[in-house]
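What follows is one structure encoded as structure tokens, with my remarks underneath.
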Amino acid sequence: MTAFTWEGIQSRVIFGARSIEQIPTELERLRARRVMLVSTPGRTALADRAGGIAGNLVVARFDRAVVHVPEDVAAAARSAATTASADCVLAIGGGSAIGVAKAVALTSGLPIVAVPTTYSGSEMTPVWGVTSHGIKQTGRDARVQPRVVVYDPLLTMDLPANVAAMSGMNAMAHCVEALYAPDCNPLTSLAAAEGIRVLGDALPGVARSPAELAPRENALMGAWFAGTALGAVQMGLHHKLCHTLGGSLDLPHAETHAVMLPYTAAFNRDAAARAMRIAANSLRADDAPAALMTLASRVGAPRSLQEIGMREGDIDLTADLAFERKYPNPRPVTRADLRALLAAAFMGDKSYVVAAPSTAGSG
Ligand code: NAD
């Protein structure tokens, strides 16, 4: 028996090379007159370009967006929007810029036009996140769902190949968890399966030939599939662990996803057998966790949490924090399971992924 609830896709999506030029038309459709442009500090040239295209509709710029939206940054962006009497937020860049735009929209209700230049998928979701005292609080709110999303693959050409590949593994993680989400439906599963296929084909090309448009365009398309699935369903163990690692230990967001994905997929291998079969088919492989590990290695992902800055002493702390959080997951998770999984990912222990420890650490 199949049963589901589907609210439809809330964002207007414009995809294609040079679609950035459509920003004025989109702002006009929203009747925006006073736009605040949001970016991260390193993306000044990109923000200048978007600002130039939007012209004198831009009345304020906030270029201090940072990953995981620290509370003080959210407060500063909200205050800048109020001071400027902004009636729209134009976010250009990765999930960090879009995250800050969402923090503004959450309290003001201002519409967001998002121009994503990574594959984080945040642009397609009603999910916001703000970090305070090392804990990232997240929630869903229709006000933060970008009203318009402009995907211009030409804007991603500057994204360093390694950053692009890690971001692509982040998108891959959305797709894998969407396949076993308790609230998945036939459409989100199609998007997730196609996202895995497109990303699995494109990411090695992005890593190998960074100057070629086609793999970048396909990876961005994969990000759209991934974001669409992410926005519609609940994420499980993998995302909760990555949020804990990022929010509490400040580990790099996309790299953390790239390291963790084969491990969390292995943990859920038996409990989410159908999802893993679909993922494996999309990757043209027999076993999804092993294929994800191979893909991560082909695109140059770090192999372990240790390699991206975690200390061994943080394993227990992370297991404790992640155990306190509630999330849906196809396989029940004990604290001992979390510790075993984190210890394996910390070491880069391939045998955890390959040997499918369906009972390891349980009890
Ligand atoms: P990011 O936005 O920090 O970007 C990663 C890096 O890429 C940065 O150094 C950035 O300057 C650089 N970059 C971006 N575009 C570039 C370009 N065109 N050329 C060169 N460099 C470029 O990181 P991210 O991985 O995109 O996003 C991570 C954040 O998004 C995290 O806070 C995460 O929690 C959040 N996120 C939220 C959701 C959601 O649904 N709310 C979904 C996914 C991620």
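Heavy atoms only: backbone and side chains are in, while hydrogens, waters and symmetry mates are out. Order of appearance sets the numbers: ligands from 1, and atoms from 1 within every ligand. Please read all numbers here as calculations on a predicted model, not as lab measurements.
Closest to atom 43 (C) of ligand 1 among all protein heavy atoms lies Ser120 O, 3.1 Å. The closest protein non-hydrogen atom to atom 15 (N) of ligand 1 is Thr117 OG1, 2.6 Å. Of all protein heavy atoms, the one closest to atom 9 (O) of ligand 1 is Arg43 NH1, 4.7 Å. Annotation: atom 32 (O) of ligand 1 to nearest protein heavy atom, His68 N, 2.9 Å.
Taking all atoms of both residues into account, the shortest heavy-atom contact from Met157 to Ala211 is CE-O, 3.3 Å. In terms of heavy atoms, Ala223 sits closest to Glu123 at O-OE2, 4.4 Å.
Side-chain atoms of Asn218 and Asp201 form no donor-acceptor pair, as typed in the model, at a separation below 3.5 Å. At a cut-off of 3.5 Å, with distance as the only test, a side-chain donor of Tyr180 or Asn268 sits close to an acceptor on the other residue.
Comparing Gly227, Gly93, Ser96, Gly139 against atom 23 (O) of ligand 1, the shortest heavy-atom distance belongs to Ser96. Looking at Asp158, Leu155, Leu159 and measuring to atom 18 (N) of ligand 1, the nearest heavy atom belongs to Leu155.
Listed by atom number, the atoms of ligand 1 under 4.0 Å from Val67 heavy atoms are 31 (C), 32 (O). Interface atoms of ligand 1 facing Thr125, defined by a heavy-atom separation under 4.0 Å, are 39 (C), 40 (O), 41 (N). Of all atoms in ligand 1, listed by their number and element, those nearer than 4.0 Å to a heavy atom of Ser122 are 37 (C), 38 (C), 39 (C), 40 (O), 41 (N), 42 (C). The contact set between ligand 1 and Thr40, taken as ligand atoms under 4.0 Å from a residue heavy atom, comprises 11 (O). Ligand-side atoms of ligand 1 in range of Lys102: 39 (C), 40 (O), 41 (N), range being under 4.0 angstrom from any heavy atom. Near Gly94, the atoms of ligand 1 lying under 4.0 angstrom from a non-hydrogen atom of the residue are 2 (O), 26 (O).
Distances from ligand 1 to the non-hydrogen atoms of Met124 include no value under 4.0 Å.
At a heavy-atom distance under 4.0 Å, atoms from both the backbone and the side chain of Val127 approach ligand 1. With a 4.0 Å cut-off on non-hydrogen atoms, His253 touches ligand 1 through its side chain and not its backbone. By the criterion of a heavy-atom distance under 4.0 Å, the side chain of Leu230, and not its backbone, is placed next to ligand 1. Residue contacts with ligand 1, taken as heavy atom pairs separated by less than 4.0 Å, do not involve Met157 at all.
Between Thr156 and ligand 1, not a single N/O pair is under 3.5 Å apart. Considering backbone and side-chain N/O of Thr118, one or more are found under 3.5 Å from N/O of ligand 1.
Annotation: Trp224, atom CH2; neighbour count of heavy atoms from other residues, nucleotides and ligands within 6.0 Å does not exceed 12.
A salt bridge links Arg269 with Asp287; the closest basic N to acidic carboxylate O contact falls under 4.0 Å.
With sequence neighbours excluded, the residues satisfying ring-ring contact (aromatic ring centres under 6.0 Å, His included) with His239 are His174, His257.
Classified by interplanar angle (parallel below 30°, tilted 30° to 60°, perpendicular above 60°), the ring pair Tyr352/Tyr263 is tilted.
Of the possible donor and acceptor atoms, none in the side chain of Ser79 sits under 3.5 Å from a partner among the backbone N and O of Ala75.
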